[in-house]
Amino acid sequence: MELIVQKTLWNNVLEFTKSAQNKGTEPLQWAIQLSTSLNSAGVSLPSVQLAHLLVSHICWENNVPITWKYLEKALTGHLVPPMLVLALLSSRVIPSRRSRPGAYRLYMELLKRYAYSFKSQIHGPNYESIMKSIDEVLHLSEIFGLQVSEPGVLVVEYAFSIVWQLLDATLDDEGLLELTPENNFKWASRSQDMEIDGDDSFNHKIPEHHERLLKANSVMAVELIAQFFQNKITSRLLCLAQKNLPTHWKRFIENIRLLGSNSSALRSSNLISPEVLLQLSSDMQKVFSRESRNSLQTQFRAVTAPVFLSCSAGQYHGDSRSAIWLPLDLFLEDATDGSQVAPTSAIEDLSGYIKSLRAVNGTSWHDTFLGLWFAAIRLVQRERDPIEGPVPRLDTRLCMLLSIIILALANIIEEEEVAQADEAEHHPSKQWNNKQVEGKRRKDLVSSLQILGDYEGLLTSPPSISSVANLAAAKAMMFVSGLTVGSGYFDCISMSDLPMNCSGNLRHLIVEACIARNLLDTSAYFWPGYVNGRINQIPHSIPSQVPGWSSLMKGASLTPAMVNTLVSTPASSLAELEKIYDIAVNGSDDEKISAATILCGASFIRGWNIQEYTVRFVTNLLSPPIPPDYSGSDSHLICIAPSLNTLLVGISSVDAVQILSLHGLVPQLAGALMEICEVFGSCVPNRSWNLPSGEEINAHVVFSHAFILLLRLWRFNHPPIEHVMGDVPPVWSQLTPEYLLLVRNSQVASKNSPKDQNRNRKLSTAAMPSSTQPIFVDSFPKLKVWYRQHQACIASTLSGLVHGTPVHQIVDGLLNMMFRKMNKSGGQTLTSGSSSSSGQGSDDVSLRPKLPAWEILEAVPFVVDAALTACSHGRLSPRELATGLKDLADFLPASLATIVSYFSAEVTRGIWKPAFMNGTDWPSPAAYLSTAEDQIKRILATTGVDVPSLAQGGTSPATLPLPLAAFVSLTITYKLDKASERFLNLAGPALESLSAGCPWPCMPIVASLWSQKVKRWSDFLVFSASRTVFHHNSDAVVQLLKSCFTATLGLSGSPITNNGGIGALLGHGFGSHFYGGFSPVAPGVLYLRVYGCIRDIMFMTEEILSILMLSVREIATNGQQKERTEKLKKSKYGTRYGQVSLAEAMKKVKLAASLGASLVWLSGGSGLVHSLIQETLPSWFLSAHGPEQEGGHVGMGAMLGGYALAYFAFMCGTFAWGVDSVSPGSKRRPRVIGAHFEFMASALDGKISLGCDWATWRAYVSGFVSLMVACTPVWLLEVDVDVLKRLSKGLRLWNEEDLALALLGRSGIGAMGAAAELIIGSE
């Protein structure tokens, strides 16, 4: 019955309208009568049914002016919803626009009046039915794939569809639709019916008028499109469409560009030009940019805005213009430290770091690349004259500059170009598929390297590689001169053969490394100023039969002369490397040894252009697959023992291990070494091999080299207490055998991922990992037994030796071997038990047990314990103890590792009496101790840290704990030669760690003892001793942190503009050989060498936060003092000067925050960052603070403090999680960010009471949200939409309307409706 009534009602309305039309009733009178009738009938207005009725009435039987006037009056009187009317008209008028241009014109006039207002409609009655009807008319849900659940979502789709229909119609009218990739309409823009007499009844059917009207309509349509982009409301709605409907927007914007490039109607318009339209459409991402509300926020956004990198000499020395790249300098310096190896690739880490810093700094890729080059050059220049010691030197830093950084840039450039290639591949237009993809990042790399050439003084190569740089310049000069020479020419050329003007620098080496990775081509040789002139002829011809890589490629054999040449000269191409690798795999036994020697030579250390292949070749050779024809009962590794030993010795240097670490090969190396140890450690050493050098090796030798190298890959000798202090363990504590294998297995498993497949395509097949199966510690039973014993030895006192067991017999045999001289002299025979006997020893050789290495290692802790006990009871002299331990280490060098772990554990127990270093029983450090004390004070001079006196009271001699005294006495028995160096590379850091853990001044005493023996290591040892000041005094660590901030910010009570920056933080190198005596070491270098030994790392976060706020207070105070001294109140330029002062303060604040974030990230990794954001910062905001912890007094200082905290927290997050969704840490980001946003929203809701200053809190929230919106919008997609809405509401209460909108606008489809409603609410 109701349906009949409704039908009758609308029939009456239609008849009433027809009657009024026939009578010529005025539109206003018609509207009043209709409104009265509908109200009396109980119809809710605006009415959906009336809109459908009126549009259907007009189209097309009543397409006359009076009906259009009725429709317009219905819109004015709110009888019909404008959005629905326009939707209905667009579906009926646009397809018929050519035959009915008058109707199309009227439709666009209505668009002008009613298309930009939505507020009253989405909050009015009947909204749900109106939106449902619009959706049905325009098929929005079907086209965009979104279910209408919020008013705002449909409004965005609606606005987008209206302008898109206008666009498609205009393209079709101008014959441009055929040029679109899809060559069809997104919307129903053409009539599907035959139009025999379709002209408008009020067009008078004049062809000329009809044609003019069509052209005028096209012009009006393009002007309407521009108005949609210009109008504040619709432009923001379109921006939401761009952010949340990217696939559709991409097709839409392609059509906009087509229109802008080819439309005659657009060129005919007096209101809009093609350039303006294209600019409007390309600037959509700026729609959500915030407008300034006060001067301080303006300065904050000025600092967050894109920063052009000012290029000057200050870039190198570290002034404020390069300070935005300070985190890069710290990252690079820390990565090349060498105190520990990293389980992940520095290439991947650096790629993410670069992208994060670019996002935070808002710089172009050109400026980012240039900043990276300067940071890397600073890294190399700080090590121009390195100190000697078991630490990485120049080669590690050159690896970072010329290999790791180049590969990281290759990843960044490839990321863009792969995306462009995929886009071109799937693009419907064949024109796109034929384009060569070259991204903007590659072009910016080229421009950055061209600019780099302007700083020749900074590019001077270190003396040790100047000849290599000169050869790179010579190669370019010959190419430019048109002289073609083969690679063999450079095998035999000398510097005296080159022209005088053929001088190379670091840029030449960088360019060669880029060319080798196809990032540049040889056109770089023609850059202005790249080469100095040309040469007319080749300096001399190549002599015949010169050994070198070219000769090898021609088939020459590996003679001793050839091997020596190839070891000292890096390969120049992958083909040369593959040739030598093939020999290493398939050659004769002698050839395998020679090839292994070559691969571990210059190609490994300084073959920067092909280093990523060399390191993988070497790693693969350490874990060869079982040959198909192998049928032996022993492991196949036994047959290649000589070549394995050659490889192990070849990569045992500190620089070699660090290079492997930088390339991310430590996990794979660990897996290979474990297998070698398992095999050779289980062999009885009854077989030996003679090397070409004349050296004889056996299973013990191979095992020892592999085992010691394996243990250098993690801090095996540190007691378990270091792993559990504080809530966040140190970064290095993760490095255990289990963890390394876990990472290795993960790397192997991920090789089939799209990202890794793309990377693997660039690698040689031979460089791919030889083993693809997962391995675990359980795969190596012997290693597992030793590892458990090792952990037990560290955790508790030694026990478990049972008399009469095989282990007991081995212990007695080893003791008899170690102290045979004492036995021969008729003294007591030292045994593992309490009994002793007298007698003559056997022959020295017969005393050496022929046992597998694993069995010997099981007995070594008991052997060392018995010897140390005997020494403490006076039954063994210190000299005899040291000699006996050295004999044990000489017999099985691998036992040195177990000796280290035993002494490390025993020192912590405090049960041994001290050893008096008096020069009689034990060596005395007295001759060098005072010198060491003076040098330590010089090193720490700028930190303000007090150095405790080395005198231990009166004239009594220095003392050391007995285990430490025994260990240092053992180490100084080693000769510092190449053979012993690989063992000292393990013992040296262990001795330093062991000494540092003992009471002051144990480390200076050890340094003095060693310095007396090895003069050239004295600088390293004294520097190591200076670091232990911080191990024993947490206040000293805090003071060091303060020094880092003071130096970087250039504060120290001086004006705010004083120099600070990178140069002040990290210095320019150190060592007594520089200035005839130690100069103060930069505080940043000191901290990077200290933080790894801080046990309670949580302590660091709170201190860094506290020092950051104190620094902000000083920045604010200095800025205000400077402002007063300039008498700004009396100056007509006062405002300007005030802005400069504030801008400088903001730069300092950002610099302080970036320093703090870098120190937190480097100190504790993602765990510490999570703790900071989830615990430390909320606790800080909840607590009350004095002015000194709020950045100063209320006003500028408090707000600067809030902005500093925002930068600090945000930068910590970018370092830990990256700015995209592919970074390794991004998986843990949603939980942490979600919790922090919940905290902020709850505080804004009033659910949490804060203790901090309100201005600080407001600055923090607005700053943190601003940074996320501008730099990391992908983070917002991971936050709960309800939380975002609450936060947006709180921001609006602060009158931060633009920021509230930007927050929702960048937060994905889930927040699009709320963002649209906020936009509409601002009408």
Side-chain angles (χ1 to χ4, degrees), residues 290 293-294 296-301 303-304 360 1101-1102 1104-1113 1115-1116 1145-1146 1148-1150 1152-1154 1156-1157 1160 1169 1172-1214 1232-1233 1235-1272 1275-1276 1279 1283-1284 1286-1288 1290-1296 1299-1300 1302-1303:
R290 300 175 57 197
R293 292 189 179 274
N294 58 61
L296 183 58
Q297 290 178 332
T298 302
Q299 293 301 330
F300 174 72
R301 281 185 290 278
V303 179
T304 62
V360 172
T1101 309
E1102 297 170 0
I1104 290 172
L1105 175 59
S1106 175
I1107 295 170
L1108 170 63
M1109 298 309 290
L1110 289 174
S1111 300
V1112 172
R1113 179 193 180 195
I1115 290 169
M1146 286 302 303
K1148 294 281 187 180
V1149 165
K1150 180 177 178 181
S1154 68
V1160 168
V1169 172
L1172 167 74
I1173 295 178
Q1174 290 183 291
E1175 300 172 18
T1176 307
L1177 277 176
S1179 297
W1180 192 92
F1181 287 121
L1182 293 173
S1183 304
H1185 306 281
E1188 70 279 356
Q1189 276 297 314
E1190 295 280 1
H1193 296 286
V1194 293
M1196 173 178 165
M1199 282 191 262
L1200 283 178
Y1203 288 138
L1205 290 175
Y1207 260 118
F1208 175 55
F1210 180 73
M1211 293 189 78
C1212 282
T1214 60
V1232 182
I1233 285 294
H1236 195 58
F1237 264 65
E1238 174 63 35
F1239 171 77
M1240 290 192 293
S1242 297
L1244 292 179
D1245 292 343
K1247 297 177 182 177
I1248 297 176
S1249 178
L1250 300 174
C1252 67
D1253 186 276
W1254 181 84
T1256 301
W1257 171 245
R1258 175 168 178 167
Y1260 174 78
V1261 173
S1262 61
F1264 190 79
V1265 174
S1266 295
L1267 287 166
M1268 283 189 64
V1269 168
C1271 307
T1272 57
W1275 292 11
L1276 296 172
V1279 181
V1283 175
L1284 291 171
R1286 289 164 52 202
L1287 188 57
S1288 175
L1291 290 170
R1292 293 199 302 275
L1293 294 176
W1294 285 350
N1295 294 322
E1296 292 279 4
L1299 180 56
L1303 173 64

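Given the structure is predicted, the values throughout are model-derived calculations rather than measurements. For the single chain, residues carry numbers from 1 onward in sequence order.
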* Should Phe1239 and Lys1247 count as side-chain neighbours, where that means a heavy-atom distance under 4.5 Å? -> no
Give, for atom [atom1] of [X] and atom [atom2] of [Y], the distance between the pair rounded to the nearest 0.5 Å.
{"X": "Ile1233", "Y": "Leu1276", "atom1": "CD1", "atom2": "CG", "value": "9.0 Å"}
{"X": "Arg1258", "Y": "Leu1244", "atom1": "CZ", "atom2": "CG", "value": "10.5 Å"}
{"X": "Leu1200", "Y": "Met1109", "atom1": "CG", "atom2": "CE", "value": "9.0 Å"}
{"X": "Ile1115", "Y": "Leu1110", "atom1": "CD1", "atom2": "CG", "value": "11.0 Å"}
{"X": "Ile1107", "Y": "Glu1102", "atom1": "CD1", "atom2": "CD", "value": "12.0 Å"}
{"X": "Leu1267", "Y": "Thr1214", "atom1": "CG", "atom2": "OG1", "value": "9.5 Å"}

Please report the closest heavy-atom contact between [X] and [Y], naming both atoms and the distance.
{"X": "Val360", "Y": "Lys1150", "value": "O-NZ, 3.9 Å"}
{"X": "Cys1252", "Y": "Trp1180", "value": "CB-CZ3, 4.0 Å"}
{"X": "Val1112", "Y": "Ala1204", "value": "CG2-CB, 3.5 Å"}
{"X": "Ala1209", "Y": "Leu1177", "value": "CB-CD1, 3.5 Å"}
{"X": "Leu1172", "Y": "Cys1212", "value": "CD2-SG, 3.6 Å"}
{"X": "Ala1198", "Y": "Ala1255", "value": "CB-CB, 4.1 Å"}

* Asked: So, Ser1242 and Glu1238: side-chain donor and acceptor under 3.5 Å apart, yes or no?
  -> yes
* Asked: Aromatic rings Phe1181 and Tyr1260: how do their planes relate, parallel, tilted or perpendicular, breaks at 30° and 60°?
  -> tilted
* To do: Could you give me the CA-CA distance, side-chain angles and deciding distance for Leu1291 and Val1261, then say whether side-chain contact (heavy atoms from CB on, under 4.5 Å) is met?
  => CA-CA 9 Å; Leu1291 290 170; Val1261 173; 4.1 Å; yes
* Asked: Which residues satisfy the side chain to side chain donor-acceptor pair (under 3.5 Å) test with Ser1288, sequence neighbours excluded?
  -> Arg1292
* Asked: Are Trp1275 and Phe1210 an aromatic pair by the rule of ring centers under 6.0 Å?
  -> yes
